[in-house]
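Letters A, B, ... are given to chains in the order of the sequence lines, protein chains preceding strands, and every chain is numbered from 1. Note that the structure is a prediction, hence the values are computed from the model and not measured.
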Amino acid sequence: MDSSLLADLNEPQRQAVMHTDGPLLIFAGAGSGKTSVLTRRIAYLIQQHNVAPYNILAVTFTNKASKQMKERIASLVGDMVARDLWAGTFHSVCARMLRERGDEIGIDQRFIIYDTDDQIALVKESLKELELDDKTYQPRAILSRISWAKEKLITARELRSRSEHKPFDRGVAAVYKLYQEKLKLANALDFDDLIVECVSLLKDSEAARAHYQRRFQYVHCDEFQDTNKSQYELLRLLSKQHKNLCVVGDDDQSIYAFRGADIQIILDFENDFPDAKVVKLEQNYRSTKTILNAAYHVVKNNKDRTEKRLWTEKPDGEHIVLMETPNENAEGAAIASEIRRLSQSGDYQFSDIAILYRTNAQSRAIEEQLYRLSIKYKIVGGLRFWERREVKDIVAYLRVTLNPNDSVSMRRIINVPARAIGSTSMAAVNQFASQQGLTFWQALKRCDEVGLPARSRNAIAGFVKMIEYFQASALRKSVPDFIKDVLETSGYLADLRNERTEEARGREENLGELVSVAKQYEQREAWQNPVEAEDSEGDDPFADVADDLLTDYPRELGSFLEEISLVADIDSYEEGANSVTLMTLHSAKGLEFPIVLMAGMEEGIFPHMRSFDSQTDLEEERRLCYVGITRAKERLYMSFAETRTVFGCTKRNPISRYITEIPQSLYIPVSMRPSALSNSIPAFDPDTRRTVAPPVPRWADVSTPQPKKLSPQAQIDLPFKAGDKVTHAKFGRGTVVQIVPDNGDAKVSVAFPSPVGIKTLMASFANLEKSA
DNA sequence: CCGTGATCATTTTTT
DNA sequence: ATGATCACGG
């Protein structure tokens, strides 16, 4: 067994695996086999050192990463053994510890988790109560400040005391305080609280501290460069007794400073743990020399990094292709046609290809062009399922059923669908509640005592009755059945059906999807978590909550809600289906693809405008670029558009500075544009931030040779010409009258039968299909 | 109380 | 461009 665990490891990797006792810092460059080392190390502990899996903790940032880790460890040591290993995200680990032991610091273990929308709602409420103006105190800004404080373990009180000369922080501190009270009242914790409260638990409860410190003989943390102060504190507390803290990270891939990740933590680790062993993994097993070279030349421009350079035994590989296009539609078209070419060559499948961009908004133009060429794609992120209105509404019903004191969810649904409980009634009930010192829910139940017209009182009484019915229903029904019950009984579905719009149809479908998600959950749980499962990472977060707390408590519903509170976009990403993957550069971290296309390599897009005035932010963006480049195994494309329409107005962006940092010998510029300007590729002048012609233009032709003057049709690849019959989704069949080129797109005039008449449509939006 | 229309701000990244 | 919020009138 020993030999198989260590067999195919290189020397530093082997050292990392075999250094079991004492703190260990592994600098793991991109593609250096980091996950492999981490999983082998854990397997090694179990098999060679007879450590019980129960005594090992592995923390990651995404569910996907932890799931993957569990699977890989299971394949090394067997399912039954791996079951007892505790592997999860920071948030899920903390949530679980708080469910087990939260009562020791006064947390009701049935707490629910508030997401960003809920948080915003709560901040708005607080602002109103404090009579603070939401223009000077924008809820988002307040919230991010509160979050900033929590990540640094700064309490409302501390924030206030250090805000002497900072009027904004004074306001924030006031909101922070009230916000926390409201959370408490709703028996809710926000994302940051999960960590913060867990740290409190370990600090303030002797018993809990002793329990967990004894238990966790070995603590591991993946993506350590992304940890913030509170998370680091948690790791230190957990590993304090046995002092076996193993962290893996890469300062060059730190891209989450905006949400509190502190790169300094990994850089200071050796100071905090003077006896730490440090291992550097610098051999890359993923990318070609060209790609690695490019990545290095970009990231080396950062000042705040430890110098290191990855190397590989792989060949030089293909040149990077740099594509210039007139606008974002043409960029999408160029990407799409290149993807088609690659797949037709037979060397690559769609699933080998990823398109990465800085912001989600960029995906639309690309999607349209992929769709045009019938290239299958899937998107990670963007409009998320769990954030859709209808889904959130129904989830709010579930939450209220579980916990009627969840004020945010209550407000959300009390009049959705409309049941004649408007703001006047709400205000009255609210006032009554604070007068009598009641919760909102208690006040609702006693609405007869509120001075309201009978009509309103009846409406409220009906609502209260409905919720009470749901509470009973939840106890005897399975989660999916219960959700169906809610959909019907609340009238939500009926309301939706009445709308008879395309949009409502879509919403209805999403709700159907919600039911099937619940079904899947139910099946998975039943299969994975036989009733006795005690400490298996079987994901019933209520497994350890004292039984007396749970009488009359629909625990299945509770754990379902927990699971869906902690999902990330990337968690739903699965390899397999043969389609191109589109996602943000952030989501791409940790993944790899034979072919990567990075779109929108322009100043203002990437680096994003918002980072222009901060050196730190620009360096973070640069690391993001590094992450993007190093996702590629074989071929890398970068594209930029000469003009781009953002917020409805068209801008001209200079080429990204990061491209200019890549040695010219590594890439081949390609112009997808017929205009005269295309004779020179713009180069970035760091002084003026403008593009200038390079000294020696080096041109290669596009894969399919382009004529000097491209007809607009060919340029955007329209499958029809004047005189052809086409079909439009709304207007039906018509005849193309005229095609006028329009800056990489085309205006197409189509004659439809009356009463529609002649319409002029933008080709890229109209989705015209040629018909016989 | 509810729906409509106007105005407005918004878009970086996410557990 | 799109979506959210707000003011007004039914």
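Taking the side chain of A:T116 as heavy atoms from C-beta on, and the options B:dT13, B:dC1, B:dT15, the nearest nucleotide is B:dT15. When the nucleotides C:dT2, B:dC1, B:dT14 are ranked by their closest atom to the side chain of A:T424, B:dC1 comes out on top. The side chain of A:R610 sits closest to B:dT11 out of B:dT13, B:dT11, B:dT15. When the nucleotides B:dT15, B:dT14, B:dT10 are ranked by their closest atom to the side chain of A:Q138, B:dT10 comes out on top. With distances taken from any side-chain atom of A:H608 to the nucleotides C:dT2, B:dT11, B:dT15, the minimum falls on B:dT11. In this structure, of B:dT14, C:dT2, B:dT15, it is B:dT15 that holds the atom nearest to the side chain of A:T89.
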Check step by step if side chain to side chain contact (heavy atoms under 4.5 Å, CB included) holds for A:L237 and A:Y232.
CA-CA 9 Å; A:L237 282 165; A:Y232 182 45; over 6 Å; no

Given A:D192 and A:S147, is the side chain to side chain donor-acceptor pair (under 3.5 Å) satisfied, shown in steps?
CA-CA 7 Å; A:D192 300 317; A:S147 182; 2.8 Å; yes

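Judged by a 6.0 Å distance limit and a 45° cone about the ring axis, A:R411 is positioned over the six-membered ring of A:F440. Annotation: cation-pi geometry satisfied between A:R99 and A:F111 (NZ/CZ under 6.0 angstrom from ring centroid, within 45° of ring axis). Taking the ring centre of A:W148 as origin, the terminal cationic atom of A:R259 falls outside the region bounded by 6.0 Å and 45° from the ring axis.
Using a 4.0 Å cut-off between a side-chain N of Lys or Arg and a carboxylate O of Asp or Glu, A:R96 and A:E100 qualify as a salt bridge. At a threshold of 4.0 Å, the pair A:D222-A:K34 counts as salt-bridged, since one of the basic side-chain nitrogens sits closer than that to a carboxylate oxygen. We find that A:K229 and A:D262 are not joined by a salt bridge, their nearest charged nitrogen and carboxylate oxygen being 4.0 Å or further apart.
Straight-line distance from the CD atom of A:Q225 to the P atom of B:dT14: 16 Å, rounded to whole Å. We find that OH of A:Y256 is positioned 6 Å from C1' of B:dT14, with the value rounded to whole Å. Nucleotide B:dT15 holds its C1' atom 11 Å from the CG atom of A:D115, rounded to whole Å. Put simply, CD1 on A:I120 is 14 Å from C1' on B:dA9, counting in whole angstrom units. The nearest whole Å value for the distance from the CZ atom in A:R259 to the P atom in B:dT13 is 12 Å. If you take CG of A:L618 and P of B:dT13, they are 17 Å apart, rounded to a whole angstrom. In this structure, A:Q362 atom CD and B:dT13 atom P are separated by 10 Å, rounded to whole Å. Atoms CD (A:Q231) and C1' (B:dT15) sit 8 Å apart, rounded to a whole Å.
Both A:E620 and A:S456 lie near DNA chain B, and the one whose nearest nucleotide falls closer to the 5' end is A:S456. Heavy-atom distances to DNA chain B give each of A:T359 and A:H91 a nearest nucleotide, and the one nearer the 5′ end belongs to A:T359.
A close approach under 4.0 Å does occur between a side-chain nitrogen or oxygen of A:S587 and OP1 or OP2 of B:dT14. Between A:S147 and B:dT14, a side-chain N or O to OP1/OP2 separation shorter than 4.0 Å is absent.
Counting all heavy atoms, side chain and backbone alike, A:V416 lies closest to A:Y492 at CG1-CE1, 3.6 Å.
Under the 6.0 Å cut-off for aromatic ring centres, A:F168 and A:Y137 qualify, their centroids lying closer than that.
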Could I get a table of every N or O pair under 3.5 Å where one atom is in the protein and the other is in nucleotides 2-5 of chain B?
unit_1: B:dC2; atom_1: OP1; unit_2: A:A420; atom_2: N; d: 2.9
unit_1: B:dC2; atom_1: OP2; unit_2: A:N415; atom_2: ND2; d: 3.0

Any N/O pairs under 3.5 Å between the protein and nucleotides 4-10 of chain C? List them or say none.
unit_1: C:dT5; atom_1: OP1; unit_2: A:K124; atom_2: NZ; d: 3.2

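Residue A:S611 is out of contact with every strand shown, counting any heavy-atom pair closer than 4.0 Å. A:R140 comes within 4.0 angstrom of sugar-phosphate atoms only, judged by non-hydrogen atoms across all strands, and of no base.
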